[in-house]
Number of protein chains: 2
Amino acid sequence: MAPDLHEIAFERLAIDGQRYTKNRKAIVVILSDAGRPLSLADLLQSGDGLAQSSVYRNLIVLEEAGVVRKVVGTDEFARYELAEDLTEHHHHLLCTGCGAVEDFTLPSRVEQVVEAALATAARRAGFRAVDHRLDLVGLCANCG
Amino acid sequence: MAPDLHEIAFERLAIDGQRYTKNRKAIVVILSDAGRPLSLADLLQSGDGLAQSSVYRNLIVLEEAGVVRKVVGTDEFARYELAEDLTEHHHHLLCTGCGAVEDFTLPSRVEQVVEAALATAARRAGFRAVDHRLDLVGLCANCG
DNA sequence: CTTTCTGCAAACGATTTGCAGCAGC
DNA sequence: GCTGCTGCAAATCGTTTGCAGAAAG
């Protein structure tokens with residue numbers, strides 16, 4: 001975990017007029033330690049007595065502040081990870097068997113090609129791109 | 001719409017022991033005409049008196065038969081489109097403002113690079129890739 | 001005829017929300 | 001202290017399911 005992670009989180013929340021409370025810090029720590037997107041159940045299990053509704057509410061606040069990103073997989077559960085500029089650029093392996101989500105990275109040469117092609121496509125469509133998702137869907141090592 | 005689209009749909013459903021009924025045909029026609037992923041509300045509006053539960057059930061059947069694909073956007077509504085081998089390989093523009101989903105394509109040179117890189121990444125992770133998603137997230141021309 | 005599909009209405013479950021009390025500054 | 005956060009429990013709403021009758025073959 002980056003040493004200034006909490007400082008950054010604090011600042012981004014401050015911009016939105018939000019506090020960096022104990023619960024919010026706990027969520028950031030858990031996500032930072034996980035190294036993969038976590039579902040609500042994961043967070044509740046890892047956290048110490050966090051209330052479900054508070055976690056949902058805090059995830060929304062953290063997402064709006066740009067500290068956390070929501071990841072939609074193949075099952076019915078939403079998952080969350082730290083914002084990409086707080087970790088490193090990566091993609092997801094989405095298992096259709098168990099719903100698990102794992103991270104992976106691509107060579108920077110490939111990223112550059114994709115980046116350029118997407119920028120062109122977005123411009124052509126009059127679309128203001130903020131982010132992109134490049135995920136693999138299939139069966140993980142356990143389910144395959 | 002491909003002339004043999006209904007024949008293909010019929011055959012794929014038959015493999016699963018399913019019938020290609022009037023309702024299912026109607027869904028396929030609507031999706032084929034749309035040229036973009038449609039939400040349930042879109043389908044109910046376009047269809048002529050289709051029951052909500054039947055549409056949901058038929059979409060599941062059609063998805064299992066490989067005729068239809070579910071597309072997850074940025075809003076709370078699931079969307080559906082024809083399977084990729086019945087149309088052409090494409091990607092999605094996901095608008096975070098209004099939730100709209102539009103199609104776009106990339107140059108085949110880019111697709112090849114991505115395809116190869118993903119195959120390598122999947123092999124390395126012991127992941128059996130079935131499909132990939134490469135979508136742009138941002139604001140569409142109307143919301144931007 | 002038999003099996004599958006359909007439509008209605010009721011059930012389900014992840015997520016959201018109202019409210020009273022507590023914590024942060 | 002005042003404002004915003006928390007936890008509990010109830011509400012919301014897209015989606016799923018049970019069942020009796022209709023359609024496909």
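Numbers restart at 1 for each chain; the letters A, B, ... are given by sequence-line order, proteins then strands.
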Protein-nucleotide distance (A:Phe77, atom CZ; C:dC12, atom C1'), rounded to Å: 13 Å

A:Phe104 atom CZ, over 12 foreign heavy atoms within 6.0 Å: yes

Sugar-phosphate, base or nothing in reach of B:Ser54, heavy atoms under 4.0 Å: base

d(OH, B:Tyr80; P, D:dT15) in whole Å: 6 Å

A:Tyr20 and A:Phe10 aromatic ring geometry - parallel, tilted or perpendicular at 30°/60° bounds: perpendicular

B:Thr21 vs C:dT6: side-chain N/O to OP1/OP2 distance below 4.0 Å: yes

DNA chain D: 5'-proximal contact among B:Lys22 and B:Leu40 (nearest heavy atom): B:Leu40

B:Ala78 side chain, from C-beta outward: closest of D:dT6, D:dT15, C:dC5: D:dT15

Salt bridge A:Asp103-A:Arg36, side-chain N to carboxylate O under 4.0 Å: no

Residue-level proximity of residues 55-69 of chain A to DNA chain C when a heavy atom falls under 4.0 Å: A:Tyr56, A:Arg57, A:Ile60

Residue A:Glu11 excluded, over 12 heavy atoms near CD under 6.0 Å: yes

OP1 or OP2 of C:dA23 under 4.0 Å from side-chain N/O of A:Asn23: no

Gap between atoms CD and P, on A:Gln52 and C:dT17 respectively (whole Å): 14 Å

Nearest to side-chain heavy atoms of B:Arg19, which nucleotide of D:dT17, C:dC5, C:dG24: C:dC5

Distance in angstrom units between A:Glu76 CD and D:dC13 C1', rounded: 16 Å

Whole-Å gap separating P (D:dT6) and CG (A:Leu44): 14 Å

Gap between atoms CZ and P, on A:Arg24 and D:dG4 respectively (whole Å): 11 Å

B:Ser53 vs A:Leu50, nearer the 5' end of DNA chain D by closest nucleotide: A:Leu50

Neighbour count >12 (heavy atoms, 6.0 Å) for atom CD, B:Glu63: yes

Interatomic distance where CG belongs to B:Asp75 and P belongs to C:dT15 [whole Å]: 15 Å

Separation of atom CD1 in B:Ile27 from atom P in C:dC5, rounded to whole Å: 12 Å

Heavy-atom side-chain contact between A:Lys70 and A:Arg79 under 4.5 Å: no

Short side-chain to backbone donor-acceptor contact, B:Ser32 and B:Val28, under 3.5 Å: no

